[in-house]
Amino acid sequence: MSAEASQTAPEQELAGKVAIVTGGSRGIGNAICLELARNGAAVAVNYRRSADKAREVVEQIEAMGGRGLAVQANVASFDDAQNMVDTVIKEFGGLHILVNNAGINRDRVIWKMSEEEWDEVISIDLKGVFNYIRAAAPVFKEQKYGKIVNVTSINGLRGKFGQSNYTAAKGGVNTLTKTVARELGRSSVNVNAIAPGLIETDMVKEAPENVRQMALNEIVLGRLGTPQEVAWIVTFLCSEKSRHLTGQIINVDGGQYL
Ligand code: NAP
């Protein structure tokens with residue numbers, strides 16, 4: 001648990017709620033799992049490769065007195081998504097919150113990008129979000145309750161040199177968010193997206209130093225964001241305090257994209 005997280009007074013605003021977080025094993029997803037659990041939700045921690053890390057998240061949730069479940073699934077697989085939703089409902093007795101966080105980048109300028117690099121990012125970052133919303137939407141519609149939060153990026157709003165695949169996927173998720181908000185609104189389902197700026201995670205550790213420095217120059221608050229700071233906003237969007245908010249893309253970026 002980060003030092004920032006431990007400063008938060010425990011609240012149980014999400015008690016009785018069940019959440020799925022895709023890509024919950026590391027980085028931003030990891031912090032979201034722990035913050036939702038700290039607020040009382042039972043959390044299904046999806047991962048693809050990092051089984052040990054996902055198990056660690058579940059252990060941390062259980063150490064707080066909460067309920068967690070690690071579920072291996074590739075978000076790019078339509079069938080895996082349906083199986084995960086079915087498993088979670090069977091294990092936890094329902095589903096109320098879906099956080100589509102899993103994502104990858106394979107950066108390269110458009111004139112050098114391979115078909116494989118394009119397809120991999122689109123299938124995980126864009127189709128993966130469709131897969132989970134498609135599996136959860138009938139449940140949310142039937143129970144007339146649900147919270148969907150999609151993790152996109154400020155680069156999906158403004159474009160970014162070397163990220164045609166990633167920005168197309170994230171931009172697609174931004175408009176997908178608005179469409180699904182319209183389709184599920186009458187069923188009292190809130191659908192929002194958060195668009196982080198540069199956040200200190202494994203994804204960013206791989207970025208060259210000059211890319212980090214360029215981002216730092218843009219960020220009004222003068223520092224990179226933390227996964228915990230993103231998790232606080234996601235948790236707010238999963239709570240009743242934001243129940244009149246839907247179809248919105250909220251930048252969590254320290255003013256990086258103003
Ligand atoms: P990260 O540290 O690289 O973690 C990525 C997570 O996604 C891991 O838990 C990984 O699980 C999971 N994942 C990747 N491919 C998957 C797949 N096919 N199926 C299921 N899970 C998969 O990334 P992060 O920085 O936390 O990013 C999280 C989200 O925030 C992403 O959508 C990213 O685009 C977005 N974002 C990040 C930043 C930033 O600065 N960090 C900025 C804007 C937006 P395994 O390890 O188990 O494979």
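Counting starts at 1 for both ligands and their atoms, in listed order. Computed from a predicted model, the values in this text were never measured in an experiment.
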- With no hydrogens and no angle check, is any side-chain donor or acceptor of Asn190 less than 3.5 Å from a backbone partner on Cys238? no
Residue [X] vicinity, atoms of ligand 1 by number, heavy atom under 4.0 Å:
| X | result |
| --- | --- |
| Ala73 | 19 (N), 20 (C) |
| Gly27 | 2 (O), 26 (O) |
| Asn74 | 17 (C), 18 (N), 19 (N) |
| Asn46 | 20 (C), 21 (N) |
| Val151 | 29 (C), 30 (O), 32 (O), 35 (C) |
| Leu198 | 40 (O) |
| Asp202 | 2 (O) |
| Val204 | 39 (C), 40 (O), 41 (N) |

Check whether any N or O atom of [X], backbone or side chain, sits under 3.5 Å from an N or O atom of ligand 1, and answer yes or no.
| X | result |
| --- | --- |
| Ser153 | no |
| Ile104 | no |
| Asp125 | no |
| Asn101 | yes |
| Val75 | yes |

- Query: Taking it one step at a time, do Asn155 and Thr167 satisfy side-chain hydrogen bond (donor to acceptor under 3.5 Å, both in side chains)?
  - Reply: CA-CA 6 Å; Asn155 292 339; Thr167 56; over 6 Å; no
- Message: Among Val211, Ile199, Leu198, which residue satisfies the side-chain contact (heavy atoms from CB on, under 4.5 Å) criterion with Val204?
- Response: Leu198
- Would you tell me which option among Ile199, Thr152, Asn150, Val129 has the nearest heavy-atom contact to atom 44 (C) of ligand 1? Thr152
- Message: Students often mix this up, so state it plainly: with edges at 30° and 60°, are the rings of Phe130 and Phe78 parallel, tilted or perpendicular?
- Response: parallel
Which heavy atom of the protein is the closest neighbour of [atom], given with residue, atom name and distance?
| atom | answer |
| --- | --- |
| atom 48 (O) of ligand 1 | Arg49 N, 3.3 Å |
| atom 43 (C) of ligand 1 | Pro196 O, 3.4 Å |
| atom 9 (O) of ligand 1 | Ser25 OG, 2.7 Å |
| atom 5 (C) of ligand 1 | Gly103 O, 3.8 Å |
| atom 26 (O) of ligand 1 | Ile28 N, 2.8 Å |
| atom 33 (C) of ligand 1 | Tyr166 OH, 3.5 Å |
| atom 10 (C) of ligand 1 | Arg26 NH2, 3.7 Å |
| atom 13 (N) of ligand 1 | Ala102 CB, 3.9 Å |

Salt bridge flag under 4.0 Å for residues [X] and [Y]:
| X | Y | result |
| --- | --- | --- |
| Glu56 | Lys53 | no |
| Glu117 | Arg108 | yes |
| Glu200 | Arg212 | yes |

- When you look at Asp107 and Gln163, which way does the side-chain hydrogen bond (donor to acceptor under 3.5 Å, both in side chains) test go after all the steps? CA-CA 5 Å; Asp107 296 357; Gln163 289 199 320; 3.2 Å; yes
Over 12 non-hydrogen atoms of neighbours within 6.0 angstrom of [atom1] in [X]:
| X | atom1 | value |
| --- | --- | --- |
| Arg158 | CZ | yes |
| Glu116 | CD | no |
| Lys160 | NZ | yes |
| Glu240 | CD | yes |

- Indicate whether any N or O donor in one side chain lies under 3.5 Å from an N or O acceptor in the other, for Asp80 and Asn74. no
- Cut-off 3.5 Å, side chains only: do Asn101 and Thr22 have a donor facing an acceptor? no
- Message: I'd like to know if Lys170 contacts ligand 1, where contact means a heavy-atom distance under 4.0 Å to any ligand atom.
- Response: yes
- Mark the output for Gly197 as yes if a heavy-atom distance to ligand 1 is under 4.0 Å, and as no if none is. yes
